[in-house]
Structure formats: structure tokens, C-alpha cells
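Reviewing the structure listed below.
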Amino acid sequence: MSTEASRMPAVVGDMAGLRVDALQNRNRIVEAARKLFVERGLDVPMSAIARHAQVGAATLYRRFPTKESLVTEVFADQFAACASVVDDALADPDPWRGFCTVIERVCAMQALDRGLSAAFIAAFPHAINVEQEHGHAIRGFAELTRRAKEHGRLRADFSQDDLALLLMANDGVLTESGETAQAASRRLVAYLLDAFRADRAEPLPAPVPFNLLDVLDRVGSTVSVTMTT
């Protein structure tokens, strides 16, 4: 996509021209770092990452001379992997299916991430333009919502504030750990998507006027970054 590159954080180090063994080392380091960040947080020592990747410290520091450069690379890869969620949904000829896909994937990523991206944004606030990403996220989801309503599948009284409500509810079930949290999140999302269908519509109380930007900040930056892209 023409605008995607401008929204992605810069990847540290150009991989073009790397020897096969150097590229393999780079990939092992990034995968080891991602795994250890999930398990132990961003404070995991570089020495532990080198051991887990089965490379020497010199190899690690040759590719990533600072901890910040490695953390940023890991999250650049993570964000790039999330890059097409809303755009893919908007390209889907079935707006309701696209709407459901976004909700399911965003909530699944929220369940997997457990606040790790929020920690990244807090530690390295200039690595990605969060405010710009938030605005794009909200506009994209609003367009998807409009199309799903126009198609007659999404209930007419669904409000943008309901997305904030959903994310807050999903965040609440994540007090459990591991597979239990992920399974609880999937079941909650299935219940809510069924309630969002136009043919299930019964009168609801008025929407709660949440500030969606505040909710996105509170429940984890992966949600906002994912939805932008």
C-alpha cells in the first residue's frame, strides 16, 4: 500500500545484502528477544537474549548495538505483521465479515499482547507516531461500521463508543493467564458479535460516551496500532 510505509516505524538496520548466515542470526535474535520480552518484559538482559538465540554477545551487538535498537526492531516486525487488519477488512466485499474480522483479530491481539506494546510505547515514545495511528484507526473503523450498517447486517444503533466498551470488557477477562484468557476473550467476542447483528436488535440504553482515544491508551497500544493499518 502506498501509505503503509509512512505509518510503519523505521526498521533498524538494512537487511539488504546480508549473508545468509548473518540474516539467520538476525532472525534468531529477533525471535528470541520477542519470546523473552513476552515472558519477562522489556528489562530482560541482552546477554540472556544472546544465549537464547544461541549467538555470541559480539554477534548480537554487531547487529543491535543498543537495547533500544533491538526492542524497536522487534516491535517494527510486530507492527508490520499487524499492518493490514482494517485495510483487509475494508477490501472485503462483505462488510459484516470484515467488521467481525477486525473485532476478532483486535481482541485476540489484545489477549496475546498483555500490555507489552503499551510498555514499548512508554519506553520508546518516539518510535511510532501514536496520535497519527489513533486517528487513522478511528477513521478506518468508522468507515467499516458505516458500510456494515448500510449492508443491513450491523445493528443501526451500534455506536463508535461501543468499540471502547468492547475493548474494556475484553481487557477485563484478561486477568486470567495464558490459554484461559485467550479462550475467555474468544467466547466474549462471539457473544458480543452475535449481539451486534441487525436481526438481534432490541432497544438498548443510550450509548456511553467514552473517549475512545483514552480507552485505546489504557487497554494497550497494540490495539490502536493494529487498527490503523
Side-chain angles (χ1 to χ4, degrees), residues 7 79 81-118 121 128-176 180-229:
R7 299 200 302 264
F79 294 152
C82 299
S84 61
V85 175
V86 167
D87 284 342
D88 283 353
L90 288 169
D92 192 322
D94 183 337
W96 171 248
R97 183 171 59 202
F99 175 89
C100 292
T101 297
V102 169
I103 296 296
E104 289 165 351
R105 290 185 63 183
V106 165
C107 287
M109 290 172 186
Q110 185 185 9
L112 286 169
D113 183 78
R114 306 290 302 207
L116 190 59
S117 288
I121 296 296
I128 187 169
N129 188 334
V130 176
E131 292 304 317
Q132 177 182 335
E133 302 293 356
H134 279 162
H136 186 83
I138 293 170
R139 289 191 300 272
F141 189 76
E143 173 61 15
L144 189 60
T145 297
R146 184 192 67 77
R147 293 183 190 180
K149 288 182 179 181
E150 210 171 67
H151 200 249
R153 299 293 304 279
L154 177 63
R155 59 188 303 151
D157 58 355
F158 179 87
S159 165
Q160 193 84 335
D161 294 321
D162 293 329
L163 174 62
L165 187 64
L166 186 156
L167 294 174
M168 291 169 65
N170 193 52
D171 191 55
V173 304
L174 302 182
T175 54
E176 297 296 328
T180 300
Q182 295 169 41
S185 173
R186 287 192 298 270
R187 188 167 177 84
L188 173 66
V189 169
Y191 270 127
L192 293 174
L193 285 176
D194 188 67
F196 293 159
R197 289 172 51 178
D199 59 2
R200 297 289 193 271
E202 295 290 339
L204 292 174
V208 180
F210 294 111
N211 184 322
L212 183 54
L213 291 179
D214 288 345
V215 173
L216 289 171
D217 283 335
R218 197 160 60 244
V219 301
S221 296
T222 285
V223 173
S224 59
V225 171
T226 297
M227 290 181 58
T228 70
T229 47

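Note that the coordinates shown come from a computational prediction; the quantities given were computed from them, not determined experimentally. Numbers here are sequence positions counted from 1.
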Report the distance from atom CZ of Phe196 to atom CG of Asp162, rounding to the nearest 0.5 Å. 6.0 Å
Do Arg186 side-chain atoms and Ala108 backbone N/O form a donor-acceptor pair below 3.5 Å? no
Heavy-atom pair of closest approach, residues Met109 and Val85: CE-CG2, 4.1 Å
Below 4.5 Å, heavy atoms only, C-beta onward: do Arg187 and Val173 meet side chain to side chain? no
Gln160 side, atom CD; Phe141 side, atom CZ - distance, nearest 0.5 Å: 6.0 Å
Any donor-acceptor N/O pair, Lys149 side chain to Leu154 backbone, under 3.5 Å: no
Can you check whether Leu192 reaches Leu165 side chain to side chain, under 4.5 Å on heavy atoms? no
When you check the gap from the basic side-chain N to the acidic O, do Glu143 and Arg139 get nearer than 4.0 Å? no
Hey, mind stepping through Leu193 and Phe99 against side-chain contact (heavy atoms from CB on, under 4.5 Å) and telling me if it holds? CA-CA 9 Å; Leu193 285 176; Phe99 175 89; 4.1 Å; yes
Please give me the minimum heavy-atom distance between Asp92 and Gly98, naming the atom from each residue. OD2-N, 4.1 Å
Does atom CZ of Arg146 have more than 12 heavy-atom neighbours, drawn from other residues, nucleotides or ligands, at distances under 6.0 Å? yes
Measure the spacing between CZ of Arg153 and CZ of Arg197 and express it to the nearest 0.5 Å. 6.5 Å
Separation between CG of Leu166 and CD1 of Ile103, rounded to the nearest 0.5 Å: 5.0 Å
Correct closest heavy-atom pair for Ser185 and Asn170 would be OG-OD1, 2.6 Å
Would the distance check show the side chain of Asp194 and the main-chain N or O of Tyr191 forming a donor-acceptor pair, the cut-off being under 3.5 Å? no
What's the shortest heavy-atom distance between Pro95 and Leu144, and which atoms? O-CD1, 4.1 Å
Closest non-hydrogen atom pair, Leu90 against Arg147: O-NH1, 2.8 Å
